[in-house]
Structures are given as structure tokens and as C-alpha cells.
Amino acid sequence: MRYWLMKSEPDEASIDHLAQAPQQTLPWTGVRNYQARNFMRDTMKIGDGVLFYHSSCPAPGIAGLAEVASTAYPDPTQFDPQSPYFDPKATQQTPRWQLVDVVFKQKITLIPLATLREHPALAHMQVLAKGNRLSITPVTATEWRFITGQLVSPA
DNA sequence: GCCAACGTTGGC
DNA sequence: GCCAACGTTGGC
């Protein structure tokens with residue numbers, strides 16, 4: 001059982017979109033970074049905890065809780081010429097990009113990025129590291145317990 | 001819109 | 001394999 005922080009631009013896929021999706025589940029499309037892909041492909045397991053983070057928006061921060069809901073499978077958008085995530089170098093036989101499904105657990109009162117930075121217990125969170133741009137980062141069990149125990153309140 | 005930081009590409 | 005140039009991320 002591991003824990004993750006997954007960034008999403010709320011314009012594209014917010015915690016509300018996830019809550020309203022069929023089965024409250026969405027495929028995590030569009031990851032085009034090898035490190036993030038490898039986390040999904042090699043390390044994620046069904047049931048892993050997910051901090052759902054809103055990025056590139058007026059109020060960045062953790063907006064909800066979710067769970068990994070599938071093992072990895074090829075991201076269909078890589079094959080779709082109409083998709084912004086189309087990858088001409090990917091083929092059905094040799095896909096490049098993988099994704100997992102994510103299922104909604106809970107919407108919470110936004111924990112702003114600035115609040116995360118305030119807490120010494122979270123000083124080493126990978127997502128807070130200077131220059132971090134990874135859209136999927138591991139969260140330690142200690143960080144998870146601190147956040148869900150001390151910072152989470154229902155929306 | 002700015003810009004720091006990072007990942008990827010491609011020439012050599 | 002090196003590394004400069006370029007594109008992207010993401011907070012502010």
C-alpha cells in the first residue's frame with residue numbers, strides 16, 4: 001500500500017469532474033513524462049491512496065482524496081490524432097504511454113500549496129521540492145497520515 | 001505575462 | 001555521449 005500525489009489542471013479534470021464521472025472513476029490520461037509513467041506502470045497498485053492536487057490554476061492545492069482503481073494499461077489518447085496527447089511514435093503494438101484509473105473518495109476543503117509549505121512535517125514532500133515538475137509524486141506514509149489526520153476537513 | 005527549473009531533442 | 005537549443009510546467 002503506497003500513497004501518491006497526482007496533479008491535474010482543474011479546467012481539464014477537477015475533483016468535481018471525478019466525483020461526477022461514471023462510477024466516479026476517470027482514466028488518468030495525458031501523462032507524457034517517463035518517470036510519471038513508470039510510477040503508474042511499475043509501482044502503483046489498486047487501492048493506493050491518492051492526494052488529488054489542482055495545479056496551474058488560481059488556487060493550487062490538494063482538493064480531494066482518491067484511490068488507484070486499476071493496474072496500468074495503454075493510454076488510448078496516444079493513438080488518437082485528434083487528441084492533444086497524440087503521440088505519432090506510439091503504435092498499438094508498441095504503446096509508449098500507460099495510465100491507471102482513479103476513483104473518487106472524498107472532496108475536501110482545499111489545502112492550499114502555501115499551507116503545505118507551512119508545516120515542517122511536510123518539508124520533504126517531493127511535490128514541494130524546488131523545481132519539481134513531476135505530475136505524479138510518491139507520498140510517504142508519514143506525510144499521508146499527517147495530511148489526512150491534521151489538514152483534511154470535509155468540503 | 002514572466003521566468004526558473006527541468007526534460008527532451010537532435011546535431012555533432 | 002555531449003550539450004545547446006528548445007519546449008513545457010507551474011507558481012506568482
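Just so it is clear: chains get the letters A, B, ... in the order the sequence lines come, proteins before strands, and each one is counted from 1.
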Working to the nearest 0.5 Å, report the span between CE of A/M6 and OG of A/S55. 12.0 Å
Does a side-chain N or O from A/K7 land closer than 4.0 Å to OP1 or OP2 of C/dG10, or not? yes
Atom-pair distance (CZ on A/R37; P on B/dG7), nearest Å: 15 Å
Give the nucleotide from the list C/dG10, B/dT9, C/dC12 with an atom nearest to the side chain of A/L113. C/dC12
What is the separation between atom CG on A/L5 and atom P on C/dG10, rounded to the nearest whole Å? 11 Å
Testing C/dG11, B/dA5, B/dG7 for proximity to the side chain of A/N33, the answer is B/dG7
Which heavy atom in A/D42 sits nearest to a heavy atom in A/K45, and how many Å separate them? O-NZ, 4.5 Å
Would a line drawn from the ring center of A/W28 to the ring center of A/Y85 be shorter than 6.0 Å? no
Measure the distance from CZ on A/R96 to C1' on B/dT9 and round it to the nearest whole Å. 11 Å
note: A/L116, atom CG; C/dG11, atom P; distance rounded to Å ~ 11 Å
Nearest whole Å is fine: how far is C/dG11 P from A/K130 NZ? 15 Å
Over how many whole Å does the gap from A/R133 atom CZ to B/dT8 atom C1' extend? 10 Å
Per A/Q35 side chain, nearest of listed nucleotides B/dT8, B/dG7, C/dG11: B/dG7
Euclidean distance, atom CE of residue A/M6 to atom P of C/dG10 [Å, nearest integer]: 13 Å
Other ILVMFWY residues reachable from A/Y34 by side-chain steps of under 4.5 Å: A/W97
Establish, with yes or no, whether the OP1 or OP2 oxygen of C/dT9 is under 4.0 angstrom from a side-chain nitrogen or oxygen of A/Y53. no
Does A/R2 CZ have over 12 foreign heavy atoms under 6.0 Å away? no
Taken to the nearest whole Å, CG/A/D87 to P/B/dT8 is 12 Å
A/K89 vs A/N132, nearer the 5' end of DNA chain B by closest nucleotide: A/N132
